[in-house]
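One structure is given below, encoded as structure tokens.
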Amino acid sequence: MGEEDYYLELCERPVQFEKANPVNCVFFDEANKQVFAVRSGGATGVVVKGPDDRNPISFRMDDKGEVKCIKFSLENKILAVQRTSKTVDFCNFIPDNSQLEYTQECKTKNANILGFCWTSSTEIVFITDQGIEFYQVLPEKRSLKLLKSHNINVNWYMYCPESAVILLSTTVLENVLQPFYFRAGTMSKLPKFEIELPAAPKSTKLSLSERDIAMATIYGQLYVLFLRHHSRTSNSTGAEVVLYHLPREGACKKMHILKLNRTGKFALNVVDNLVVVHHQDTETSVIFDIKLRGEFDGMVTFHHPVLPARSIQPYQIPMAGPAAVTSQSPVPCKLYSSSWIVFQPDIIISASQGYLWNLQVKLQPIVNLLPDKGRLMDFLLQRKECKMVILSVCSQMLSESDRATLPVIATVFDKLNHEYKKYLDAEQSYVMAVEAGQSRSNPPLKRPTRTQAVVDQSDMYTHVLSAFAENKEMPHKFVIAVLMEYIRSLNQFQITVQHYLHELVIKTLVQHNRFYMLHQFLQYHVLSDSKPLACLLLSLESFYPPAHQLSLDMLKRLSTANDEIVEVLLSKHQVLAALRFIRGIGGHDNISARKFLDAAKQTEDNMLFYTIFRFFEQRNQRLRGNPNFTPGEHCEEHVAFFKQVFGDQALMRPTTF
């Protein structure tokens, strides 16, 4: 398979740590995304590495027994270490605070600590087999203060740091889940819910395994993902992933079912709002997008993989060591290894190889794997780094080899402009709110963020349409149809069309002598009035005489002042057109000769200069009976230039009667 076929890859720069072995224990903290390598219980050193910090934290601890769990509080202020089932030890990493360890025992009698989670830089939760205890750590006093506790039988727990929700598994079948939400010193109990286990014969005892549950934020909402190895319906084969939506308020609800159509060992990740399901037996992965249309049965939406199953792109492990040694060829990494451990949202750890990777989605290969352009656009518009890929899809569907039909092109334009309009509306609402003085409102107003899904007219013009219109191989009827389709789509979403798009249409029509069509477009206001457009029309007069009048009509509709029209034309070096316009409205006796001669000289067209000079000589003769310029007109340099180029004899002689 070529590189263009893999749509998942491991990040280029993994976090490297000392491999797990009998002396070195490896731990992972999901909140800070840090790997701890603890040698000999910490006595010969602890090294902490995270994906963002390239400078690892190193320290030593006294070996007080086997480390069960080790994590820093947020911002690495306080270290917590669990060595027994009853206590957790703490050590401050704050400058000027005591480095001496202090200990906290769980409050509930006969309870065993299953683990702990930091919810802020000074707040920690102990999860025991009999409940949950929420503490505030007071580093300067080297003690903890119990804020709240709740008694409940716990089989196992799970923590989602992004949403600060802890999920506790209760009951004998382990399938009743009790969520708690933590925020700024408060602990809230959310409604509990039951995970439906697959139907099983009476003899087998089925319970919910922690391995089959994950928690992740998808499109800003928290979901509990349950990997059900056998469908509840007997006629359906294969495993499925059931998504339960867990809102801040209200009950948890089963929303989506992802059909895997296979059985075996699976692992889940969430990358860029996509659910990635890895299948160990076939060493492939599939992706699901819950925003894409699925099959709704009135209760839940069923989804199939967006794309065919593919392996993660083969990965070479770079050789470590001095430069001389690195000439050895890199070693291929064993993908889908049984020693891989997957953490949410996008982390894969190989403890035996000493690597932590972030899983990434590659968008470009997906373009060729999803033939349905409409569905492809729906998919791409939801991705973080999508703009350049979307523009490449637009260019591709307008290329000779992959040309799409007009209805498909229209669909793509409409999807893009729908997103564009949403952003423009949000931006406008924000500006109006700020102008109305609501900027200090509560909660504070947030300026809408411009995501990569906002593809505006300048993006389309620069990257797609201008090159497309210049392609000589393209049938001009198709070019015009595509440009008009884009303009139609903008109009449909009530987005003001920028003049450069209209100019592109006009230039294309003129190039192919489609003057009748141009006339109709202007007559029926398919092309919106604008000053740049009017100037462009004036410049076309030599090819198409009616363009002059069409342009003047447009300027009049725009209620442009006459002298402004002249200025616009002169700035575009349309000197003759400006003069014709002034004559047309009868103002040619009062205009400044110097202004027109300046503009004519700037064009570096001597014949044009001659024509303009001669016009003003004739005007002087008509008005004053003498073709010469008066000193007040300040045209001396132009007279000198005229003599230099055409000679004295070319000057007009006064006519006498």
Side-chain angles (χ1 to χ4, degrees), residues 6 8-40 42 44-61 67-81 93 115 117-118 121 159-162 214-217 267-272 276 278 285 312-323 325-326 328 330-362 384-385:
Y6 301 103
L8 289 167
E9 63 180 352
L10 301 173
C11 66
E12 261 179 43
R13 295 182 63 194
V15 175
Q16 270 180 283
F17 54 89
E18 195 179 338
K19 296 173 188 173
N21 57 43
V23 184
N24 182 54
C25 293
V26 176
F27 299 89
F28 180 64
D29 167 18
E30 287 183 85
N32 288 321
K33 312 282 183 253
Q34 289 169 325
V35 179
F36 286 74
V38 182
R39 289 180 63 86
S40 323
T44 54
V46 177
V47 180
V48 187
K49 283 187 173 182
D52 303 323
D53 36 294
R54 290 293 160 201
N55 306 329
I57 304 167
S58 301
F59 56 89
R60 288 211 161 109
M61 310 187 294
V67 173
K68 291 178 183 289
C69 186
I70 181 167
K71 293 173 188 177
F72 268 118
S73 70
L74 304 185
E75 298 160 26
N76 302 333
K77 294 230 170 115
I78 306 162
L79 180 73
V81 186
F93 274 67
C117 305
W118 286 100
S121 55
Y159 180 47
C160 178
E162 285 77 19
M215 261 199 296
T217 303
L268 303 172
N269 275 131
V270 173
V271 185
D272 203 359
V276 182
H278 308 290
S285 306
I312 294 169
Q313 186 172 323
Y315 186 85
Q316 305 284 338
I317 291 184
M319 296 298 289
V325 187
T326 52
Q328 291 173 269
V331 185
C333 165
K334 169 82 180 87
L335 300 177
Y336 302 92
S337 153
S338 54
S339 71
W340 274 17
I341 309 161
V342 169
F343 291 96
Q344 295 317 317
D346 60 350
I347 286 168
I348 294 173
I349 293 180
S350 171
S352 61
Q353 290 173 308
Y355 282 97
L356 176 153
W357 293 281
N358 293 85
L359 185 66
Q360 297 168 340
V361 175
K362 293 169 66 181
K384 255 203 212 84
E385 304 286 325

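No experiment lies behind these values; they were computed from the predicted model shown.
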Would you check if C333 and Y355 make a side-chain contact, meaning some heavy-atom pair closer than 4.5 Å?
-> no

Pairwise distance CZ(F28) to CD1(I349) - rounded to 0.5 angstrom | 4.5 Å

Decide side chain to side chain contact (heavy atoms under 4.5 Å, CB included) for K33 and N358; before the verdict, give the C-alpha distance in whole Å, the side-chain angles of both, and the deciding distance to 0.1 Å.
-> CA-CA 10 Å; K33 312 282 183 253; N358 293 85; over 6 Å; no

Quick one: OG on S285 to CG on L359, what's the gap to the nearest 0.5 Å?
-> 7.0 Å

So, does W118 use its side chain to make a donor-acceptor pair with the main chain of K71 at under 3.5 Å?
-> yes

Stepwise, does the side chain to side chain contact (heavy atoms under 4.5 Å, CB included) test hold for F93 with L79?
-> CA-CA 7 Å; F93 274 67; L79 180 73; 3.7 Å; yes

In short, Q313 meets L335 closest at the heavy-atom pair O-CD1, 3.9 Å

Would you name the heavy atoms of L356 and F17 that are closest together and state the gap between them?
-> N-CE2, 3.8 Å

Please report the C-alpha distance between Y159 and E30 in whole Å, then the side-chain angles of each, then the deciding distance to 0.1 Å, and finally whether the side chain to side chain contact (heavy atoms under 4.5 Å, CB included) criterion is met.
-> CA-CA 8 Å; Y159 180 47; E30 287 183 85; 5.8 Å; no

Using the ring of each side chain (for Trp, its six-membered ring), is W340 parallel, tilted or perpendicular to W357, with breaks at 30° and 60°?
-> tilted

Least distance between heavy atoms, S121 atom then L74 atom = CB-O, 3.3 Å

Partner of V342 under side chain to side chain contact (heavy atoms under 4.5 Å, CB included), picked from I348, L268, V276, is I348

Nearest-0.5 Å distance that lies between atom CG in D346 and atom CD in Q360 | 8.0 Å

Between atom CD1 of I347 and atom CG of N269, what is the distance when rounded to the nearest 0.5 Å?
-> 8.5 Å

Q353 and S350 have their tightest heavy-atom pair at OE1-OG, 3.0 Å

Between N24 and E18 the two heavy atoms that sit nearest each other are ND2-O, 3.0 Å

Determine the interplanar angle of the Y336 and H278 rings, folded into 0 to 90°, and report it as parallel if under 30°, tilted if 30 to 60°, perpendicular if over 60°.
-> perpendicular

Hey, is NZ on K334 packed in by over 12 heavy atoms from elsewhere, all under 6.0 Å?
-> yes

Find the distance between CZ (R60) and CZ (R39) and round it off to the nearest 0.5 Å.
-> 10.0 Å

Can you name the closest pair of heavy atoms from E162 and P345 and give their distance?
-> OE2-CD, 4.0 Å

Derivation of the side chain to side chain contact (heavy atoms under 4.5 Å, CB included) call for I57 and V47 | CA-CA 6 Å; I57 304 167; V47 180; over 6 Å; no

How long is the span from the CZ atom in F72 to the CG atom in D29, to the nearest 0.5 Å?
-> 10.0 Å

